[in-house]
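Excluded from the calculations below are hydrogen atoms, water molecules and symmetry mates; all remaining heavy atoms, backbone and side chain alike, are included. Naming convention: chains lettered A, B, ... in sequence-line order (proteins, then strands); numbering from 1 in each chain.
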4 protein chains.
Amino acid sequence: MERPHTGRRRNEAAREAVIDAAIALLQDVGYEGFTIERLAKDAGVGKQTVYRWWPSKAAVVAEAIGTRAQHTIPLPDTGALGTDLAEFFQTTFRQSEDPAVINQLKHMMAASIENPETAAPFKEFLANRRASLRSLLERGAARHEMADGTDLDFLTDLAYGLLWYRGLIGHRPLDDDAARKLAAALVAASAPAPSAPSDS
Amino acid sequence: MERPHTGRRRNEAAREAVIDAAIALLQDVGYEGFTIERLAKDAGVGKQTVYRWWPSKAAVVAEAIGTRAQHTIPLPDTGALGTDLAEFFQTTFRQSEDPAVINQLKHMMAASIENPETAAPFKEFLANRRASLRSLLERGAARHEMADGTDLDFLTDLAYGLLWYRGLIGHRPLDDDAARKLAAALVAASAPAPSAPSDS
Amino acid sequence: MERPHTGRRRNEAAREAVIDAAIALLQDVGYEGFTIERLAKDAGVGKQTVYRWWPSKAAVVAEAIGTRAQHTIPLPDTGALGTDLAEFFQTTFRQSEDPAVINQLKHMMAASIENPETAAPFKEFLANRRASLRSLLERGAARHEMADGTDLDFLTDLAYGLLWYRGLIGHRPLDDDAARKLAAALVAASAPAPSAPSDS
Amino acid sequence: MERPHTGRRRNEAAREAVIDAAIALLQDVGYEGFTIERLAKDAGVGKQTVYRWWPSKAAVVAEAIGTRAQHTIPLPDTGALGTDLAEFFQTTFRQSEDPAVINQLKHMMAASIENPETAAPFKEFLANRRASLRSLLERGAARHEMADGTDLDFLTDLAYGLLWYRGLIGHRPLDDDAARKLAAALVAASAPAPSAPSDS
DNA sequence: CGCTAAACGAGACGGTACGTCGTGTCTTCTG
DNA sequence: CAGAAGACACGACGTACCGTCTCGTTTAGCG
C-alpha cells in the first residue's frame, strides 16, 4: 500500500534555526537584501535544506512572520471605555517605540507589499490585533457608552491607522500623549448622543 | 568664484526615456523583477546613464512614481468644517481606489522602508499631503469650529492613518461611507466644548 | 584529523572545456580581445566557474599555454651533427610556417610580456624546446664533432633566436634554406679546430 | 598672404604632452592597462584631444614608440670583422641590459604582436637596426673576410635573434662574453673557405 | 545488525544581474 | 575655433545569489 517512511526524518532543529535566522535577517536587511544564501549561512544550514522545505524566499519569510506575530497586548478592564482605551494604547505605543519592534513591523509590512505570498500571515496577524481592540470597543458598546450603530471596525482602523502611519513614517512619536488623544478621539467619535449631557 | 559648468549637459531626452521605461516596466513586471539592465535596454540608454543620475533602482522608481503622482486634491471651501472634510476625503478616497494608484503608493512605501535613501522624497510627498489637510483644519479652527488647543497634527495623522492603513492592507474599502465617517469623527474629536449647546 | 573534502567536487569536464576554449580563443582573437565573458560562453560554463579556479585571465591563458605546449619535435639521429641539425630545423621551421602555430606562439609571447603571471609556463615550454636541441648538440659533442668547451647553451639560443626573431617579425621566411644555413652556421661555430688546413 | 587665423591655434604642447605621457605610461603599465582615459589625465589633456589626432590607442603607442626609438649604435671600424662585430655587440648588449630599455623593447614587441597597426613603425625601427649591422658585415665582405655569396641577412637575423631571444625571455644574460661568442660565431659561419689558407 | 533511504552541511555548477570602468562619440563652455 | 570637461551608448569587468546538482556523513526504520 503505502510506504510509511524510509530514511532520516526532518531535523526540527534545522527548521527552527532557519526560521529564527529569517526573523533576524528580515529585521536586519529587509525583504529586499534578504538572501537564501545568507539565511542558510546564518542558520548554519545547507542551502538545499532551505529549498527542501520552503519553495521560495517568500515562503520562508511568510512562515517567519506568522511564527513571530503572536505577541498580544493584555486587554485592560477599568470599567470605562475611555480609560480602557487610554491604557491599551499606552501599552501598545510603548511597545511600538522599541526600535527593534517597529523595525520588524515595518519590514513585515514591506515584505507583504512586495510579495503577496508573505501578505497572508501578516494580514492574519493584523486581523488578530484588530480583534483585540474590537473586543474592548464591544465592551464599551455593551455598556452603552457608544451611540447605537457605531461602526466599531471603522474605529479600529482609525486607531491602528494612526499607529501604523506614525510608525511607518516616524515623523511624530507614539508617546503617551498620543495614546491619550487617540482614546479621547475614539470616545468623542462614538459618543452616544449630543442631547443628554452625561452625568453618572 | 563659482565654476558655472563644463562639459556636456544632461540629456533631458535620456532622462525622460528612463522614466517612461521605468513606469512601463514597473507596470509590466512589478518592483521585484524590475532590472536596471532591462530598464536601460528598454529606454535605449546605457546602464551608466541610469547610475549617473539615480543612486539605486528605488530612486528611479521613486522618481517615476513621483512624476506621475502629481495629482493634487482641490481644497473645498463650503464654509463648514464637516462638509469641507467630507468632500475632501471623498475625493481623496476615490482617487485611492484606483488599483494603479494604490499600487504605486504601496510600492513607494515599501521602497521607503527597504531603502531609507529613497525615503526623503517620499516623506516630502507625504508632508505635502498632510499640509493640504491641515490648511483645511486651520480654516475650521479660525472659524472657531474647534476647541482651543486642538492638536491639528494629530487629527491629520488620524485621517491619513486610516487612508494608509486601509490602503496598505486592503481589508476594507475606502468608500464614500468611510469618508463621511472620517469627517464626522474628526469633527467630533475637535468639537469646541460639550458645555455650550450649539445654536444654529 | 583531516577533513577529506565536503561538497561537490570540481568538475573536470568544465576545466577542460575552459582550457580548450581558451586555446581556441587565444588563437582567434589574441591576448587582447580575449574576454572572460566570451571564454565562459564558448566553454559553455558560468563565469564564476572560471573565476573560481583561475585568478585572472592571465592564469587561464597560462594554463592553456602550458597544456598545449607539449608537442615535441622528434630528434633525428643520422650520425652526423650537420645533418641532424638540418633535419631538426627543417621539421621545426615547417611547423612554424603554419600561420595558426606561429600565431599562437606570438600571442603566447605577448601574453608572457604583458603579464608575468603567464610567463612561467611559457618559459618552461621554451626551456623544454631548448633542452631538445641541446641533447642533439650533446650527441655531436660526444662524437667529438665540436671543439672542447663549446657553449651549447649559446648555440641553442642562437638557433631559437633566429626562429623567434623571424617568426615574430615575419620579415623573412623560415624555409628549408634558412634551416640549412642555420645548421651550417652552428656546425661552423662549433667546429673542433682548424686542425689540418688553416694556421695562423 | 596668410589668413591671420581666427580662434585658438593648435596647441603643439598638448601633442607632446600626450606622446610623453604615452611613453611613460607604456613603460609603467605596458600595452595592456594602457588606457586612453588615463593617458589623457596624465597628459592633462581632454580625451577628445587625443582622439582628434590619433585614431586609436595603437596609433598613439606607435607614434610614441617611433619617436623614442631613435637611439643608434655607433659603427666601429677597427679594420677587422671579428673585432668590429665584438665591439658592436658589446655596445648593443650593454644598452640592452638596462632594465628600462629592455622593458620598453619588450612592450613594443608585445604591442606589435597584439595590434598590427602599431607594428609598422616598430618594424621600421627593427629594419634600421638590421641595416646598421648589415653595413658592418658588408664592410667585412668587401675586405674579403667572408666567403662569396654569404647571406648577410641571415647573419643579421642570427645576431639580432640572439639579442631578442635572450632579451625577451631573460633566461641568460646579454653580457660581454655573449657578445664575444656571437662575434666569433658570425665570423666562423661566414669564413671564406676551409680549403684555401688565407693569404693576406 | 546490516541495509536502504532520506536528510544533512558543504560547496561546485550554469546562469542573471549587479554596479564600475573604459571605449570612442558627442555636446557645451572658456580662452 | 581648439581644447577641457564631461555626458552619452555600449559592453566587459569581477562579485553576489539564484536554484540545481553532487559529494560524504548521519540518522532512522525494515528486514
Side-chain angles (χ1 to χ4, degrees), chain A residues 3-11 13-15 33-41 43-53 55-57, chain B residues 3-15 33-41 43-53 55-57, chain C residues 3-11 13-15 17 33-41 43-53 55-57, chain D residues 5-11 13-14 33-41 43-57:
Chain A
R3 190 166 58 74
H5 181 77
T6 282
R8 188 175 178 174
R9 302 291 192 45
R10 177 173 190 181
N11 182 356
R15 188 195 152 275
F34 188 107
T35 307
I36 298 279
E37 204 117 310
R38 170 103 185 262
L39 172 65
K41 176 157 276 182
V45 139
K47 259 202 300 181
Q48 187 66 256
T49 299
V50 178
Y51 282 110
R52 185 151 27 226
W53 300 110
S56 65
K57 157 177 139 177
Chain B
R3 192 165 64 73
H5 181 75
T6 273
R8 187 176 182 173
R9 300 300 192 38
R10 178 175 190 178
N11 182 356
E12 202 57 31
R15 188 194 151 276
F34 187 106
T35 303
I36 298 279
E37 205 118 309
R38 170 100 186 266
L39 172 65
K41 176 157 276 180
V45 138
K47 256 199 303 179
Q48 189 65 74
T49 298
V50 177
Y51 284 111
R52 187 156 21 232
W53 300 111
S56 65
K57 160 177 135 178
Chain C
R3 190 165 65 76
H5 181 75
T6 267
R8 188 175 179 173
R9 304 285 192 49
R10 178 173 189 179
N11 181 356
R15 187 194 152 276
F34 188 107
T35 303
I36 298 279
E37 205 119 307
R38 169 101 185 266
L39 172 65
K41 176 159 279 183
V45 140
K47 257 202 299 181
Q48 190 61 63
T49 298
V50 178
Y51 284 111
R52 185 152 27 229
W53 301 111
S56 65
K57 158 177 138 179
Chain D
H5 193 77
T6 297
R8 191 166 174 177
R9 301 242 181 78
R10 177 181 175 184
N11 185 357
F34 187 106
T35 308
I36 297 279
E37 206 117 309
R38 167 108 184 258
L39 172 65
K41 176 156 276 182
V45 138
K47 259 203 302 180
Q48 189 57 40
T49 300
V50 178
Y51 282 110
R52 182 143 36 220
W53 299 108
W54 295 274
S56 67
K57 160 175 137 178

Please figure out whether A/Lys47 or A/Trp53 has its closest DNA chain E nucleotide nearer the 5' end.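 This one resolves to A/Trp53.
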First encountered from the 5' end of DNA chain E, between A/Arg15 and D/Thr35: A/Arg15
Is B/Arg15 close to B/Trp53 at the side-chain level, that is, under 4.5 Å between some pair of heavy atoms? no
Given atom [atom1] of [X] and atom [atom2] of [N], what is their separation to the nearest angstrom?
X: D/Arg38; N: E/dT20; atom1: CZ; atom2: P; value: 21 Å
X: C/Arg10; N: E/dA10; atom1: CZ; atom2: C1'; value: 18 Å
X: D/Leu39; N: E/dG22; atom1: CG; atom2: P; value: 13 Å
X: D/Lys41; N: E/dC21; atom1: NZ; atom2: P; value: 11 Å
X: A/Phe34; N: F/dA16; atom1: CZ; atom2: C1'; value: 16 Å
X: D/Glu37; N: F/dA7; atom1: CD; atom2: P; value: 12 Å

Out of [options], which has the shortest distance to the side chain of [X]?
X: A/Tyr51; options: E/dC8, E/dG24, F/dG19; answer: F/dG19
X: A/Ile36; options: F/dA9, E/dC13, F/dC18; answer: F/dC18
X: B/Thr49; options: F/dG3, E/dT25, F/dA9; answer: F/dA9
X: A/Val45; options: E/dC18, F/dC13, E/dG9; answer: E/dG9
X: A/Gln48; options: F/dT22, F/dG14, F/dG19; answer: F/dT22

Give A/Arg52 one of three labels, base, sugar-phosphate or nothing, depending on what nucleic acid heavy atoms sit under 4.0 Å from its own. base
Describe the nucleic acid contact of D/Lys57 in one word from base, sugar-phosphate, nothing, applying a heavy-atom distance below 4.0 Å. nothing
Yes or no on side-chain contact (heavy atoms from CB on, under 4.5 Å) for C/Val50 and C/Lys47, after CA distance, side-chain angles and deciding distance? CA-CA 5 Å; C/Val50 178; C/Lys47 257 202 299 181; 5.7 Å; no
To the closest 0.5 Å, what do you measure between NZ (C/Lys57) and CG (C/Leu39)? 11.0 Å
Short side-chain N/O contact to F/dT27 OP1/OP2 from A/Arg8, under 4.0 Å: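 Looking at the OP1 and OP2 atoms of F/dT27, neither is under 4.0 Å from any side-chain N or O of A/Arg8.
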Could you check D/Gly44 against B/Gly44 and say which one's nearest nucleotide on DNA chain F is further toward the 5' end?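 It is D/Gly44 whose nearest nucleotide is closer to the 5' end.
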